[in-house]
Student: 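Just dropping this structure here.
Bear in mind that the values here come from a model prediction, so they are computed numbers and not experimental data.
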Amino acid sequence: MANQETEAFKTRVLFVLAHLEEGEITSYGELARQAGNARYARLVGQILKKLPSDTHLPWYRVVNSQHRISFIEGTDAYERQKVKLEQEGWIVVGQKLMQKEAH
DNA sequence: AACAAGGCGGGTC
DNA sequence: TGACCCGCCTTGT
């Protein structure tokens with residue numbers, strides 16, 4: 001993938017991310033797909049990882065395809081994401097994310 | 001230059 | 001359900 005293309009891809013990823021609404025979640029693969037390259041899920045992870053810690057972007061609305069938080073359970077990052085999601089109506093059952101009201 | 005590791009995903013057994 | 005493997009691309013060493 002050419003450098004220029006990579007940049008464009010990143011830009012689209014951030015754009016899609018910025019437009020996720022409260023309570024909505026997506027996966028790395030899905031985000032990659034929406035940004036135009038379904039097979040760059042890993043790249044999405046790297047992009048999110050590099051976001052500034054004070055970013056306003058909803059990085060926490062991105063989970064993996066099994067609907068699980070990708071950080072290792074118990075780590076700070078994991079807890080931060082969990083808290084954020086819980087504030088938006090999600091709960092962690094077992095390791096899986098589920099909506100609080102629906103069922 | 002070579003290799004390992006990553007906030008992954010899909011498929012198989 | 002869980003443990004693998006394999007493809008993907010970028011980054012770090």
Student: Run the side chain to side chain contact (heavy atoms under 4.5 Å, CB included) test against K10(A) and tell me which residues pass, sequence neighbours left out.
Tutor: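 Only T6(A), E7(A), I47(A) meet the side chain to side chain contact (heavy atoms under 4.5 Å, CB included) criterion with K10(A).
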Student: Using a cut-off of strictly less than 4.0 Å between a heavy atom of the residue and any atom of DNA chain B, enumerate the qualifying residues of residues 61-75 of chain A by number.
Tutor: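 Heavy-atom contacts with DNA chain B come from V62(A), N64(A), S65(A), S70(A), F71(A).
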Student: Taking atom P in both dG7(B) and dC6(C), what distance in whole Å separates the two?
Tutor: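 So the two P atoms sit 22 Å from each other.
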Student: Can you name the side chain to side chain contact (heavy atoms under 4.5 Å, CB included) partners of Q87(A), sequence neighbours left out?
Tutor: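 Applying side chain to side chain contact (heavy atoms under 4.5 Å, CB included) to Q87(A) gives V83(A), K84(A).
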Student: Expressed as a whole number of Å, how far does the P atom of dA4(B) sit from that of dC5(C)?
Tutor: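 Looking at atom P only, dA4(B) and dC5(C) are 15 Å apart.
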Student: Not counting sequence neighbours, list each pair that qualifies as a salt bridge (Lys or Arg N to Asp or Glu O under 4.0 Å) and has a residue in residues 28-51 of chain A.
Tutor: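 Sorted result for residues 28-51 of chain A: E30(A)-R33(A).
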Student: What nitrogen or oxygen pairs link the protein and nucleotides 5-7 of chain C at under 3.5 Å?
Tutor:
unit_1: dG7(C); atom_1: O6; unit_2: R42(A); atom_2: NH1; d: 3.3

Student: A quick test of your reading: do over 12 heavy atoms of other residues, nucleotides or ligands sit less than 6.0 Å from CD of E21(A)?
Tutor: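 Atom CD in E21(A) is not packed in, count stays at 12 or less.
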Student: Does anything in residues 53-74 of chain A form a salt bridge (Lys or Arg N to Asp or Glu O under 4.0 Å)? List the pairs, not counting sequence neighbours.
Tutor: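 Applying salt bridge (Lys or Arg N to Asp or Glu O under 4.0 Å) to every pair that reaches into residues 53-74 of chain A, excluding sequence neighbours, yields R61(A)-E88(A).
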Student: Can you tell me how far apart CD1 (I91(A)) and CG (L85(A)) are? Round to the nearest 0.5 Å.
Tutor: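 Those atoms lie 11.5 Å apart.
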Student: Considering residues at least two apart in sequence or located in another chain, which fulfil the side-chain hydrogen bond (donor to acceptor under 3.5 Å, both in side chains) criterion with T26(A)?
Tutor: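 Expected list: none.
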Student: Given a 3.5 Å cut-off on both pairing distances, which stems involving DNA chain C, each at least three consecutive Watson-Crick or G-U pairs, are present, if any?
Tutor: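 Listed by first number, the stems are B:2-6 with C:9-13, B:8-13 with C:2-7.
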Student: About how many Å separate OG of S27(A) and NE2 of H67(A), when rounded to the nearest 0.5 Å?
Tutor: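 Interatomic distance, H67(A) NE2 to S27(A) OG, rounded to 0.5 Å: 7.0 Å.
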Student: Can you list, in residue-number order, the parts of residues 44-54 of chain A that come under 4.0 Å of DNA chain C, counting heavy atoms only?
Tutor: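 Within this stretch, Q46(A), K50(A) sit under 4.0 Å of the strand.
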Student: Can you tell me how far the NE2 atom of H56(A) sits from the CG atom of L51(A), to the nearest 0.5 Å?
Tutor: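 Atom-to-atom, H56(A):NE2 and L51(A):CG are 9.5 Å apart.
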Student: Can you tell me how far the CD atom of Q34(A) sits from the CZ atom of R12(A), to the nearest 0.5 Å?
Tutor: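 So the CD of Q34(A) and the CZ of R12(A) are separated by 12.0 Å.
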Student: Roughly how far, to the nearest 0.5 Å, is the CD atom of Q81(A) from the CH2 atom of W59(A)?
Tutor: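 Rounded to the nearest 0.5 Å, the CH2-CD separation comes out at 5.0 Å.
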Student: With T11(A), which residues qualify under side chain to side chain contact (heavy atoms under 4.5 Å, CB included), at least two apart?
Tutor: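 Result, side chain to side chain contact (heavy atoms under 4.5 Å, CB included) vs T11(A): none returned.
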Student: Please name all residues satisfying side chain to side chain contact (heavy atoms under 4.5 Å, CB included) with S65(A), sequence neighbours left out, ordered by chain then number.
Tutor: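 S65(A): no side chain to side chain contact (heavy atoms under 4.5 Å, CB included) contacts found.
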Student: Does the side chain to side chain contact (heavy atoms under 4.5 Å, CB included) test come out yes or no for V13(A) and Y28(A), once each step is laid out?
Tutor: CA-CA 10 Å; V13(A) 166; Y28(A) 300 87; over 6 Å; no
Student: Below 4.0 Å from chain A heavy atoms, what is the first contacting nucleotide of DNA chain B and what is the last?
Tutor: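 Nucleotide range with atoms under 4.0 Å of chain A: dG6(B) to dG10(B).
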Student: Using the rule that two of Ile, Leu, Val, Met, Phe, Trp, Tyr join whenever any of their side-chain heavy atoms come within less than 4.5 Å, decide whether Y60(A) and F15(A) are in one cluster.
Tutor: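 Result: no, two separate clusters.
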